[in-house]
Amino acid sequence: MSFLPVEEQLEVIKRGTVEIVPEDELVEKLKKSKKENKPLKIKLGVDPTRPDLHLGHSVILRKMRQFQDLGHEAILIIGGFTAMIGDPTGQNKTRPPLSMEEVKENAQTYIDQAKNILDPEKLTLTNNYDWLGEMDFMDVIKLTSKLTVARMIERDDFSKRFHNNESISLHEFLYPLAQGQDSVHLKSDVELGGTDQKFNLLVGRQLQKEDGQDPQVCLMMPLLVGTDGSRKMSKSYDNYIGINEEPNNMYGKALSIPDNLIYEYFELVTDIPLDELPAMKEKAEKDPRNAKHDLALAIVKLYHGEEAAKGAKKHFEQTVIKKEIPDDAPEFFVDVGEETRLLDIIAETGFSQSNGQTKRMIKQGGVSINDKKVTNKNHTVTLSEGEEFTLKVGKRNFGIVKAR
RNA sequence: GGGGAGAUACCAAAGCGGCCAACUGGGGCAGACUGUAAAUCUGUUGUCGUAAGACUUCGCAGGUUCGAAUCCUGCUCUCCCCA
């Protein structure tokens with residue numbers, strides 16, 4: 001295949017990118033690749049510890065996809081070996097190491113999900129266990145001699161933990177070296193990572209240089225801010241939008257982001273064309289309400305298709321804006337003529353964690369039957385043949401209860 | 001190797017023999033409001049029970065006591081200082 005002009009490639013590559021270190025080397029590599037008609041090796045290491053991918057992960061995976069579309073070679077490294085060490089990056093705690101079995105399982109789920117974003121046909125998959133597992137103690141010691149302790153504790157998260165009197169296990173220091181060794185092994189041209197990975201990516205550069213290789217270019221993507229608008233998107237903060245999430249949830253969550261994030265999301269997690277971005281930016285400022293609906297629609301469409309996206313929009317309008325019962329409310333059944341406690345019905349639906357919580361919600365006016373608030377926590381219902389009612393529990397749990 | 005400090009509910013952090021299911025903040029949940037599942041304000045926040053109440057929870061295992069998150073013993077883990 002023939003490559004696009006370097007300028008055009010660069011434009012795509014720089015979409016949403018925070019930093020390219022160093023940019024001129026990237027330009028050189030692109031020129032050379034075009035001239036020799038040889039794709040660049042784009043490396044992305046992933047940790048198979050958290051199998052549920054969300055939009056935060058998608059930022060980097062999408063960048064990887066863009067490189068694929070430009071004709072370069074995407075190499076996904078499953079950190080099988082490194083996961084068994086436990087990556088400390090961005091954590092304030094030591095991560096528990098995983099077993100071989102868990103790694104395999106997680107890696108598979110990861111890949112299955114990543115294939116929603118990457119082009120599986122053009123993807124090279126590797127596992128760093130294959131080469132890191134081969135190293136003997138001497139090799140490891142030689143590797144450690146290439147970085148000083150002072151340099152190591154420069155790293156943001158290490159220095160924070162160090163100053164907060166939190167534990168840092170020695171093996172965690174080996175993580176950046178292991179990751180860097182991956183680059184040496186693969187002779188990667190570019191490594192992708194979040195801004196929190198900068199240190200690790202730079203170690204890769206250094207090790208490649210020492211090995212006499214042309215060092216990789218480090219490309220940092222921003223950490224996507226989560227739906228809470230303040231912290232990075234993460235499962236543990238519960239501010240994430242999962243890529244496997246149900247369309248309705250996905251849509252609603254997308255709408256809950258603060259207005260000032262609308263544009264960023266367009267740029268980083270949707271595929272709207274580059275030349276439409278400026279118009280979106282303007283819309284996000286002038287008409288945030290509609291821009292956000294466009295965004296939610298675009299996101300759901302990306303993972304579930306157009307139909308589902310429209311359905312999610314409708315669902316949202318019904319339940320949240322008009323506060324009506326959605327078309328797709330699940331059904332529950334009670335026995336005909338049997339006096340049944342509402343408490344038990346709700347327990348059946350799974351809308352509440354415990355009877356205590358249900359009682360609390362009733363007390364606070366969070367439960368209604370046919371749009372009428374239930375005030376008595378011992379409320380009972382008796383349905384005759386063919387009778388039914390709509391049940392609302394909390395903000396967004398709807399159900400239809402029928403006699404059986 | 002020696003000395004010291006600490007481990008409390010989802011997180012942070014009070015409590016230091018009964019009034020503790022445990023102050024407070026964050027988070028969560030609910031209500032009001034809103035273009036929104038945002039922001040704000042208010043309420044609420046172990047499980048079971050109609051209720052009275054019962055049960056489980058304060059690192060783990062035992063013990064003292066009428067009674068322990070609080071006292072004692074052992075264990076595990078973490079941090080600091082010295083070597």
Side-chain angles (χ1 to χ4, degrees), chain A residues 55 88 91-96 158-170 172 225-242 245-265 283-297 299-300 312-324 326 339-347 349-368 371-381 391-398:
Chain A
L55 291 186
Q91 300 290 116
N92 48 14
K93 260 192 215 138
T94 306
R95 273 191 203 173
F158 281 146
S159 70
K160 260 187 207 143
R161 284 161 66 189
F162 192 70
H163 287 116
N164 287 340
N165 296 340
E166 284 162 10
S167 73
I168 301 173
S169 296
L170 200 52
E172 296 179 55
V225 178
T227 54
D228 59 1
S230 53
R231 295 178 293 185
K232 73 163 183 175
M233 184 173 283
S234 156
K235 221 176 133 187
S236 38
Y237 298 148
D238 198 23
N239 61 356
Y240 70 100
I241 303 177
E245 216 155 334
E246 229 210 316
N248 292 345
N249 270 346
M250 214 178 213
Y251 195 93
K253 282 187 178 184
L255 270 193
S256 78
I257 65 168
D259 291 356
N260 63 344
L261 288 179
I262 297 174
Y263 175 69
E264 203 177 315
Y265 270 56
K283 186 166 181 182
E285 278 160 22
K286 291 193 175 145
D287 185 9
R289 194 190 86 90
N290 286 319
K292 210 187 278 188
H293 278 279
D294 290 350
L295 174 68
L297 210 56
I299 292 173
V300 179
K313 181 174 184 170
K314 188 177 169 204
H315 179 270
F316 186 87
E317 281 166 353
Q318 277 182 325
T319 60
V320 180
I321 298 177
K322 297 185 197 151
K323 299 186 199 296
E324 288 170 353
E339 182 175 22
T340 317
R341 291 194 313 160
L342 188 59
L343 213 54
D344 295 328
I345 297 173
I346 291 174
T349 64
F351 290 158
S352 171
Q353 303 285 321
S354 65
N355 285 354
Q357 191 186 22
T358 306
K359 285 181 210 160
R360 236 175 275 140
M361 283 198 280
I362 291 175
K363 196 171 150 202
Q364 299 182 130
V367 174
S368 50
D371 247 357
K372 251 211 215 111
K373 275 184 190 174
V374 175
T375 48
N376 176 10
K377 58 188 170 209
N378 296 317
H379 188 83
T380 59
V381 291
L391 173 69
K392 184 184 178 201
V393 182
K395 268 195 248 257
R396 52 192 122 117
N397 295 309
F398 293 91

Whole-angstrom distance between [N] and [M], as gauged at atom [atom1]:
| N | M | atom1 | result |
| --- | --- | --- | --- |
| G63(B) | A54(B) | P | 24 Å |
| U8(B) | C16(B) | C1' | 12 Å |
| G27(B) | A37(B) | C1' | 16 Å |
| A22(B) | C66(B) | P | 26 Å |
| G67(B) | C77(B) | C1' | 30 Å |
| A69(B) | G4(B) | C1' | 23 Å |
| C75(B) | G1(B) | P | 15 Å |
| C11(B) | G62(B) | P | 24 Å |

Base, sugar-phosphate, or nothing for [X], non-hydrogen atoms under 4.0 angstrom?
| X | answer |
| --- | --- |
| Asp259(A) | base |
| Lys292(A) | base |
| Lys373(A) | sugar-phosphate |
| Gly356(A) | sugar-phosphate |
| Asn249(A) | base |
| Lys323(A) | base |
| Asn248(A) | base |
| Arg396(A) | base |

For [N], which nucleotide in any strand shown is its Watson-Crick or wobble partner with both distances under 3.5 Å?
| N | value |
| --- | --- |
| A5(B) | U78(B) |
| A32(B) | U40(B) |
| C71(B) | G63(B) |
| C10(B) | G26(B) |

Subject >> With sequence neighbours excluded, residues passing side-chain hydrogen bond (donor to acceptor under 3.5 Å, both in side chains) with Asp287(A) >> reply: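 Testing Asp287(A) for side-chain hydrogen bond (donor to acceptor under 3.5 Å, both in side chains), a comparison that skips the adjacent residues, returns Asn290(A).
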
Whole-Å gap separating [atom2] ([N]) and [atom1] ([X]):
| X | N | atom1 | atom2 | value |
| --- | --- | --- | --- | --- |
| Leu297(A) | G35(B) | CG | P | 21 Å |
| Arg231(A) | G28(B) | CZ | C1' | 12 Å |
| Lys395(A) | U34(B) | NZ | P | 14 Å |
| Lys359(A) | A30(B) | NZ | P | 18 Å |
| Ile362(A) | A30(B) | CD1 | C1' | 12 Å |
| Phe162(A) | U78(B) | CZ | P | 16 Å |
| Asn355(A) | U45(B) | CG | C1' | 16 Å |
| Gln353(A) | C10(B) | CD | C1' | 12 Å |

Original post:
Any chance CG of Asp371(A) has more than 12 other-residue heavy atoms, nucleotides or ligands included, within less than 6.0 Å?
Top reply: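 No, because the 6.0 Å sphere around CG of Asp371(A) holds 12 heavy atoms or fewer from other groups.
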
Original post:
Got more than 12 heavy atoms from elsewhere within 6.0 Å of NZ, Lys313(A)?
Top reply: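 Yes, NZ of Lys313(A) has more than 12 neighbouring heavy atoms, counting only those of other groups under 6.0 Å.
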
Subject >> Closest to the Met361(A) side chain, choosing from A38(B), G35(B), C29(B) >> reply: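 It is C29(B).
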
Original post:
Out of A38(B), G35(B), C48(B), which has the shortest distance to the side chain of Arg289(A)?
Top reply: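 For the Arg289(A) side chain, the nearest candidate turns out to be G35(B).
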
Subject >> Residue whose nearest RNA chain B nucleotide is more 5′ - Lys392(A) or Asp238(A) >> reply: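 Looking at RNA chain B, the more 5' nearest nucleotide goes with Asp238(A).
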
**OP:** Would you mind telling me which residue lines up with the more 5' stretch of RNA chain B, Lys377(A) or Gly252(A), judged by nearest nucleotide?
**Re:** Gly252(A)

Subject >> Any N/O donor-acceptor pair, Gln364(A) side-chain to G43(B) base, under 3.5 Å >> reply: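 It does, because a donor-acceptor pair links the side chain of Gln364(A) to the base of G43(B) below 3.5 Å.
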
Original post:
For Ala284(A), does its backbone N or O pair with a side-chain atom of Asp259(A) as donor and acceptor, under 3.5 Å?
Top reply: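 Between the backbone of Ala284(A) and the side chain of Asp259(A) there is no qualifying donor-acceptor contact (under 3.5 Å).
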
Original post:
Short question: side chain of Lys292(A), backbone of Ile257(A) - any donor-acceptor pair under 3.5 Å?
Top reply: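 Yes: the side chain of Lys292(A) pairs with the backbone of Ile257(A).
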
Subject >> side chain to side chain contact (heavy atoms under 4.5 Å, CB included) evaluation trace for Leu297(A) with Tyr251(A) >> reply: CA-CA 7 Å; Leu297(A) 210 56; Tyr251(A) 195 93; 3.9 Å; yes

**OP:** Flag this pair as yes if the NZ/CZ of Lys392(A) is under 6.0 angstrom from the six-membered ring centre of Phe351(A) and inside a 45 degree cone about the axis; otherwise no.
**Re:**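 No, Lys392(A) and Phe351(A) do not form such a contact.
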
side-chain N/O [X] vs [N] OP1/OP2, d < 4.0 Å:
| X | N | result |
| --- | --- | --- |
| Arg341(A) | U50(B) | yes |
| Thr227(A) | A38(B) | no |
| Ser256(A) | U36(B) | no |

**OP:** Sequence neighbours left out, what passes side-chain contact (heavy atoms from CB on, under 4.5 Å) with Gln353(A)? Give chain and number order.
**Re:**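 In terms of side-chain contact (heavy atoms from CB on, under 4.5 Å), with neighbours along the sequence ignored, Gln353(A) is linked to Gln357(A).
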
Original post:
Taking the inter-plane angle between the rings of Phe316(A) and His293(A) on a 0 to 90° scale, is it parallel (under 30°), tilted (30 to 60°) or perpendicular (over 60°)?
Top reply: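 Phe316(A) vs His293(A) ring planes: perpendicular.
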
Could you list all N or O pairs between the protein and nucleotides 55-59 of chain B that sit under 3.5 Å apart?
none

Original post:
Does any non-hydrogen side-chain atom of Val320(A) lie less than 4.5 Å from one of Arg396(A)?
Top reply: no

